[in-house]
Amino acid sequence: MAVKKSDRKAGIPKAKYIFITGGVVSSLGKGIVSASLALALKSRGYRVTTLKCDPYLNVDPGTMNPFQHGEVYVTDDGAETDLDLGHYERFIDISMSKLNNVTAGQIYESVIQHERDGDYLGGTVQVIPHVTDEIIFKITELANSHPKPQVVLIEVGGTVGDIESQPFLEAFRQFYLRANKRNVLFIHLTMLPYISAAEEVKTKPTQHSVTKLREIGLQPDIIVARTEKPVTQEIKEKIALFCNVNVDDVIEGITAKTIYEVPLLLEKENLAKNVIKKLGMKDSTPDFSNWNRLVQHIKEPSENVKIAICGKYIGLKDAYKSISEAFIHSGAALETKVEVVWIDAEEVDKGKVEELFEGVDGVLVPGGFGSRGIEGKIKAIKYVRENNIPFFGICLGMQLAVIEFARSIMGWKTANSTEFKKTRYPVIDLMESQRRLQQKGGTMRLGAWACHLQRGTKAYEAYDYELIHERHRHRYEFNSVYKEDFEKAGMVIAGVNPDEKLVEMIELPNHPWFVGCQFHPELKSRLSHAHPLFYQFVKASLKHKKEREGKEWSENAIAEG
Ligand code: GLN
């Protein structure tokens with residue numbers, strides 16, 4: 001139900017607000033800086049939340065090609081969101097919701113709905129004030145949500161000067177005017193290019209980008225300068241002078257060996273300390289010892305294992321962002337470097353599978369849509385099943401493991417998913433509720449669903465819980481009509497949704513580690529809590545490697561070492 005326009009002018013809830021903008025170029029890691037600052041504040045005992053503002057006109061990234069946008073990050077409440085929300089969760093270790101991401105598409109959709117409802121009757125609907133009010137409303141909505149945050153970090157995508165992001169920046173300016181100014185802070189992230197001929201970093205693009213920001217009425221309080229080379233005091237002074245900030249508020253954002261080191265580096269640069277001081281908050285000494293230990297494991301692992309991801313979007317690694325990060329988390333916990341080998345599923349279809357997977361000790365087949373590369377992935381699954389190589393199938397990966405099993409073990413040669421082909425054996429099929437749907441956006445099985453795990457399975461062993469909740473994003477399902485046939489043939493149904501009886505997890509008992517899940521476990525892995533399935537999969541892969549090399553290995557040896 002639309003809220004009346006009058007409600008859109010709601011007051012600004014009591015909280016501290018930190019706006020984070022970017023300049024010079026995109027992809028500077030604004031999300032990582034925001035997440036790092038949020039972690040630093042949370043580690044000091046503050047209740048923190050974050051809002052990512054995306055200036056594109058899609059209502060959400062759910063309908064975008066992964067090549068356009070990278071991964072779609074799904075929240076517990078079923079929102080399809082920007083992948084920066086993944087960084088927030090992985091760093092701050094709190095679950096995001098649909099309130100934590102807003103797109104220009106949503107803003108305009110809502111404004112137009114109000115117009116149709118007659119909420120602006122008699123008025124001309126304009127970017128200022130209607131669109132900007134709506135943006136401010138979204139910020140206040142998050143600030144009023146439960147548990148009530150003490151600090152709200154608001155990050156806007158893109159760079160200053162983009163046409164699309166202007167209404168957001170204008171809304172931030174108005175927000176500042178309306179709020180208690182002592183509670184609002186602006187951080188601007190820029191880049192210092194290194195010119196090798198001059199052997200120095202250049203501040204001019206930063207100066208220009210701050211000028212651009214000031215043209216629209218925003219003066220940054222703090223500048224984080226992304227750089228490949230250390231920033232000298234002299235450079236900091238120059239930035240301070242030209243950009244109108246204190247020299248201590250010019251923060252070096254040097255490229256780190258791992259993104260998880262960024263909070264530690266920014267801590268040394270006093271980013272959080274300065275923020276706290278400026279916002280009149282109480283400071284304390286945060287305990288980063290566990291984080292530090294995990295970062296050390298990432299930087300100096302004692303083991304190494306090669307795991308292949310066999311997918312179709314491998315040209316853009318961001319399409320599998322959460323999976324890559326989940327490997328880093330499990331690797332950190334096991335003091336192991338997980339070297340990811342990207343294998344194009346179409347190459348597998350054409351080539352020799354044993355050559356492509358040589359030296360690989362685990363294979364993950366991730367989620368995906370559409371028929372391209374399907375047969376290559378099935379060929380890869382057959383190879384790892386027959387050769388006892390640890391296998392992890394996620395969403396589409398699980399569906400393909402089911403198809404491969406039906407074809408090879410049950411003799412149903414034409415078994416398939418109805419997503420790809422009409423078949424006599426639709427072992428993966430649409431549920432009735434999905435068949436009726438016409439609209440594409442936001443209509444998949446989305447968000448957290450319960451899953452009951454069978455005792456005695458590898459899944460149960462991994463979680464050590466009977467009832468788990470994991471996030472979904474798919475239309476097709478294991479066709480329950482064939483459940484008994486699969487069980488008779490030796491497949492174990494390890495997890496089932498207790499309400500709808502949907503099959504959520506499968507595994508093969510006579511294999512070192514062959515597990516598939518219909519959900520996306522990677523979305524819930526965090527550095528401080530590696531996901532149990534990824535952890536067990538990496539462990540099984542490491543074991544496979546040691547056995548292949550004829551070496552002894554035990555998990556304890558790592559923990560003690
Ligand atoms: N295309 C499959 C489905 O819609 C799998 C989706 C996925 O892997 N996320 O069910």
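All residue numbers in this chain count up from 1 along the given sequence. Both ligands and their constituent atoms are indexed starting at 1 by order of listing.
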Close residues, ligand 1: non-hydrogen atom nearer than 4.0 Å: G367, G368, F369, C395, L396, Q399, E419, R473, H474, R475, Y476, H520
Pair F514 + F392: ring centers closer than 6.0 Å: no
Lys NZ or Arg CZ of R445 over W449 ring: under 6.0 Å, within 45°: yes
Partner of S322 by side chain to side chain donor-acceptor pair (under 3.5 Å), out of E522, R90, K524: R90
Under 3.5 Å: donor-acceptor pair, side chain of E89, backbone of M96: yes
Aromatic ring proximity, centroids under 6.0 angstrom, H520 and Y73: no
Centroid separation W412 to F405 less than 6.0 Å: no
